[in-house]
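Since the structure comes first, as C-alpha cells, the remarks are kept for the end.
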Amino acid sequence: MFGLDRPSRKPAQPRPSAVTVNGRDLPLTVREHARATRMTLRIEPGGQALKLTIPKGLPAREIDEFLTRHHGWLMTRLARVEDAGPLADQATIAIRGVDHRIAMTGKLRGIAEQTEIDGVPTLLVSCLPEHVGRRVSDHLKRVARQELEVLVRTHAATLGKPVRGISYKDTKSRWGSCTSEGNLAFSWRIAMAPDFVIDYLAAHEVAHLKEMNHGPDFWATCKALCPRTNEAKRWLKQNGSRLFAVSF
C-alpha cells in the first residue's frame, strides 16, 4: 500500500523585532490584541523604541508591508525627537520650563544649585565631568518632589481624598499613575516642564482618586483642579518626547 507524502508547511516567518530608521536600529515590540481591527504603530516616549499593536493571528508578511508603508512617517516623526546626548559642562537643561546653562564649579562634591550668572539662568554642578548627568538628574528629582508634593496635597484636599504615598520613577511609557489604594507615582522628568504642566500632572493623578477612568467626569474633575488642562496636554504631546530623550 502506497501513500502520498503531504506537502510540508512552510515555517512561519518570524516577526520583526527591530526597525532601522535614519540609521538607527529601534527595538520593535509587536503585541496582539483580540479586539484590534487594524495595526497601530506607536513611537515610545523618547523615540528609543516602537510598539505595534496588531489583530490576533496577523501574518508577519502583512506586518512587514505595513512597516514599509510607514517608513517615511517614522523618519519624519523621529527626526523631531532630539537626542541631546550626555549632559556636560555648558550644555543646557530645562528646569520648570526655563533653560539653564550647566556650569562646572571645579569642586568634586556638593549638590547642584540654581543661580543666575550675567543674566543667564545657570545650574552650578560640582562633580567629576563623567558624573554631570547624575548630579543634574538628582537636582531634577528634588525639584519634582518639592513641586509635586505641595500640588498633590493641595488638589487632594480640594477633593477631600487621602493620598497614601507618592513615589518618583524614571518611567518611559507614562508621566504618572494612581492606584485604587491612593498611591501616586510620577516621572521626575516632569521637573523640566513649565509649572502649569507640572500642576496638570498632579491634578491628573489626583483626579484618579475620585474617578479611576478617563471618562467625562474624570476630565471635568481634572479641569476643575487645573484650568489649563487642555493647554498642558497639548504641551506634553508636542514636547514630552524631548524630555524623555535627554540622556543623564
Side-chain angles (χ1 to χ4, degrees), residues 21-27 43-49 77-153 166-177 184-202 205 231-232 234-248:
V21 184
N22 296 333
R24 297 169 54 202
D25 289 330
L26 300 176
I43 300 173
E44 297 286 24
Q48 304 301 310
R77 291 294 300 272
L78 287 167
R80 300 174 185 172
V81 180
E82 302 174 5
D83 186 354
L87 294 174
D89 188 31
Q90 302 304 309
T92 300
I93 187 70
I95 304 174
R96 293 174 59 188
V98 178
D99 285 340
H100 284 66
R101 180 173 58 87
I102 297 173
M104 304 289 291
T105 64
K107 300 177 182 178
L108 297 182
R109 295 184 179 181
I111 63 174
E113 178 185 358
Q114 288 178 233
T115 186
E116 191 172 288
I117 298 177
D118 297 330
V120 178
T122 303
L123 182 66
L124 299 176
V125 179
S126 301
C127 62
L128 292 170
E130 58 265 33
H131 296 156
V132 171
R134 186 191 309 169
R135 286 289 190 271
V136 174
S137 64
D138 286 345
H139 183 73
L140 291 175
K141 292 172 187 177
R142 287 192 295 273
V143 172
R145 186 175 295 106
Q146 291 167 1
E147 297 300 313
L148 283 168
E149 295 201 359
V150 172
L151 292 168
V152 165
R153 302 297 177 187
I166 305 173
S167 61
Y168 303 88
K169 305 175 182 179
D170 190 11
T171 54
K172 295 295 184 182
S173 59
R174 54 184 176 178
W175 288 106
S177 63
L184 277 59
F186 298 98
S187 169
W188 51 261
R189 287 174 180 260
I190 199 66
M192 291 184 276
D195 286 346
F196 75 93
V197 179
I198 300 175
D199 181 39
Y200 158 69
L201 181 59
E205 299 310 330
E231 183 183 356
R234 287 194 298 271
W235 192 97
L236 281 175
K237 183 176 181 179
Q238 295 169 1
N239 303 282
S241 290
R242 291 193 298 107
L243 307 191
F244 281 117
V246 178
S247 300
F248 291 97

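What you see below is based on every heavy atom in this structure, not just the backbone, and it leaves out hydrogens, waters and symmetry mates.
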Test side chain to side chain contact (heavy atoms under 4.5 Å, CB included) on Glu205 and Leu151 and set out the steps. CA-CA 11 Å; Glu205 299 310 330; Leu151 292 168; over 6 Å; no
Once rounded to the nearest 0.5 Å, what's the spacing between atom CD1 of Ile198 and atom CD of Glu147? 5.5 Å
Residue set satisfying salt bridge (charged side-chain N to carboxylate O under 4.0 Å, His left out) with Arg135, at least two apart, ordered chain then number -> none
For residues 110-128, run the donor-acceptor check on the side chains, cut-off 3.5 Å, and write out each pair with its distance to 0.1 Å, sequence neighbours left out.
from, atom 1, to, atom 2, distance (Å)
Gln114, OE1, His139, NE2, 2.8
Gln114, NE2, His100, NE2, 3.4
Thr122, OG1, Val120, O, 2.8
Ser126, OG, Thr105, OG1, 2.6

For residues 188-198, which residue pairs pass the side chain to side chain donor-acceptor pair (under 3.5 Å) check, not counting sequence neighbours? Arg96-Asp195, Asp170-Arg189
dist Gln90:CD -> Thr92:OG1 (nearest 0.5 Å) comes out at 8.5 Å
If the condition is ring pair (Phe, Tyr, Trp, His ring centres under 6.0 Å), which residues does Phe186 pass it with, not counting sequence neighbours? none
Quick one, Ile166 with Val152, criterion side chain to side chain contact (heavy atoms under 4.5 Å, CB included). Give me CA distance, side-chain angles, the key distance, then yes/no. CA-CA 9 Å; Ile166 305 173; Val152 165; 3.8 Å; yes
Which pair of heavy atoms, one from Ala191 and one from Leu140, lies closest together, and at what distance? CB-O, 3.4 Å
Give me the atom names and distance for the closest heavy-atom approach of Phe244 to Ser187. CE2-OG, 4.3 Å
Flag the pair Tyr200 / Trp235 as yes when at least one side-chain heavy-atom distance between them is below 4.5 Å, and no otherwise. no
What residues, two or more places apart in sequence or in another chain, satisfy side chain to side chain donor-acceptor pair (under 3.5 Å) together with Ser167? none
For Asp89, all residues meeting side chain to side chain donor-acceptor pair (under 3.5 Å), sequence neighbours excluded: none
Ile190 and Leu236: CA distance, side-chain angles, deciding distance, side chain to side chain contact (heavy atoms under 4.5 Å, CB included) verdict: CA-CA 10 Å; Ile190 199 66; Leu236 281 175; 4.0 Å; yes
Quick one: are Val197 and Trp175 in side-chain contact, heavy atoms under 4.5 Å? no
Carefully, step by step, assess Arg145 and Tyr168 under the rule side chain to side chain contact (heavy atoms under 4.5 Å, CB included). CA-CA 8 Å; Arg145 186 175 295 106; Tyr168 303 88; 4.0 Å; yes
